[in-house]
Amino acid sequence: MLMTTLKSREAIASLVDGKAFIINCHGCKEVGFPEAEANELEKELCDAGKVTGIMTTDYVCNPENFKLRLKAYIPQIEEADVILVLSCGVGVQTVAEIFEDKKVCAACDTIELPGYQGVTALEVDCDQCGECFLNMTGGICPITACSKSLVNGPCGGTKEGKCEVDSNMECGWERIYRRLEAQGRLDVLKCPTKLHDFSTVKATGACKQSE
């Protein structure tokens, strides 16, 4: 099980520089989604004239079905400066993979809860760490894409774009750098990542780390 919670209004406002297209994923039965808060956020952004369109769907993590549903919204997405995704981390990464040249941002953080979690159709993962880094890393999760879960850049062992731990695996930070470079957003990397806040994860009683 997992639960998504909206980021603060200030954090979300900082993401919407210009106009946004909103992808609102109601998730699956294994995901707790803050629907009422999401509706309030959408209304606020619409009233401010910052929205080119809204797509409300489910199972964004199933890319084949999701791409079919996207077709009707392509003109509105092209008009937007950012795609704002209200979903778990897997959904955000799915959208970022489809729109590699577009700024894709997570409006939610994802928290792990005990119990069954649905099966995603992608080879991407969300560690439900309670504080999503995807907005600073081009929609590629440094915690799951890096064998060492480094959040401030690659280790010294990466060689020719490959991971030191698994030579068959691409270095997650090499991927992050290439995507941000393609989007003209390398300036994002000039801001050091603050220490990870595990307090929200611990509050659920599901933190993997020992006390």
Side-chain angles (χ1 to χ4, degrees), residues 1-9 11-12 15-16 20-42 45 54-67 69-70 73 77 82-100 102-146 149 151 172 175-176 179 193 196-209:
M1 297 283 290
L2 56 89
M3 178 175 67
T4 54
T5 60
L6 281 184
K7 291 180 177 291
S8 69
R9 288 293 196 273
I12 294 173
L15 302 173
V16 185
F21 180 84
I22 298 174
I23 296 178
N24 185 350
C25 179
H26 281 193
C28 52
K29 292 181 180 178
E30 293 77 37
V31 178
F33 180 74
E35 187 171 350
E37 294 90 340
N39 290 338
E40 291 178 6
L41 171 65
E42 290 171 6
L45 292 175
I54 299 174
M55 176 185 183
T56 299
T57 183
D58 56 13
Y59 294 102
V60 168
C61 59
N62 187 325
E64 298 307 319
N65 288 336
F66 180 59
K67 286 178 183 178
R69 299 174 189 177
L70 273 174
Y73 298 93
I77 292 173
V82 58
I83 302 175
L84 192 65
V85 185
L86 282 71
S87 78
C88 71
V90 176
V92 180
Q93 292 176 77
T94 303
V95 177
E97 286 287 337
I98 295 172
F99 298 100
E100 291 188 9
K102 200 85 171 178
K103 181 181 177 182
V104 176
C105 290
C108 298
D109 290 320
T110 307
I111 301 170
E112 182 182 13
L113 295 175
Y116 173 78
Q117 181 176 334
V119 178
T120 174
L122 281 183
E123 292 182 359
V124 296
D125 193 13
C126 173
D127 207 42
Q128 299 115 48
C129 63
E131 189 178 19
C132 190
F133 287 107
L134 291 170
N135 298 334
M136 297 177 283
T137 55
I140 297 172
C141 177
I143 292 180
T144 59
C146 169
S149 298
V151 296
R175 291 174 55 211
I176 289 168
R179 182 170 293 176
T193 305
H196 195 89
D197 180 8
F198 284 99
S199 62
T200 54
V201 183
K202 290 181 180 179
T204 69
C207 183
K208 298 176 183 177
Q209 293 189 344

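Numbers for residues simply follow the sequence, beginning at 1. Every value quoted in this text rests on a predicted model; they were computed, and no experiment measured them.
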The criterion is side chain to side chain contact (heavy atoms under 4.5 Å, CB included); which residues satisfy it with [X], sequence neighbours excluded?
X: E40; value: R9
X: S149; value: I143
X: C105; value: L15, V82, L84, K103, N135

Task: side chain to side chain contact (heavy atoms under 4.5 Å, CB included) evaluation trace for M55 with N24 - done: CA-CA 6 Å; M55 176 185 183; N24 185 350; over 6 Å; no
First locate atom [atom1] of [X], then atom [atom2] of [Y], and finally report the distance between them rounded to the nearest 0.5 Å.
X: N65; Y: T57; atom1: CG; atom2: OG1; result: 9.0 Å
X: E131; Y: T110; atom1: CD; atom2: OG1; result: 12.0 Å
X: I98; Y: I77; atom1: CD1; atom2: CD1; result: 9.0 Å
X: T56; Y: I23; atom1: OG1; atom2: CD1; result: 10.0 Å
X: I176; Y: I140; atom1: CD1; atom2: CD1; result: 5.5 Å
X: R175; Y: C146; atom1: CZ; atom2: SG; result: 11.0 Å

Task: F99: ring-ring contact (aromatic ring centres under 6.0 Å, His included) partners, not counting sequence neighbours - done: none
Open item on the list: Tell me every residue that passes salt bridge (Lys or Arg N to Asp or Glu O under 4.0 Å) with K7, counting only those two or more places apart in sequence or in another chain.
Closed with: D109
TODO: Sequence neighbours left out, what passes salt bridge (Lys or Arg N to Asp or Glu O under 4.0 Å) with E37? Give chain and number order.
DONE: none
Which heavy atom of [X] sits nearest a heavy atom of [Y], and at what distance?
X: C108; Y: S87; answer: CB-O, 3.6 Å
X: V90; Y: C61; answer: CG1-CB, 3.6 Å
X: C25; Y: Y59; answer: SG-N, 3.8 Å

Do [X] and [Y] have side-chain heavy atoms sitting under 4.5 Å apart?
X: L41; Y: L86; result: yes
X: P63; Y: E97; result: no
X: R69; Y: D58; result: yes
X: V92; Y: C132; result: no

Open item on the list: Are Y73 and F21, when compared by the centres of their aromatic rings, separated by less than 6.0 Å?
Closed with: yes
Open item on the list: Using side chain to side chain contact (heavy atoms under 4.5 Å, CB included), reason through T144 and Q93 one step at a time and then give a plain yes or no.
Closed with: CA-CA 11 Å; T144 59; Q93 292 176 77; 4.3 Å; yes
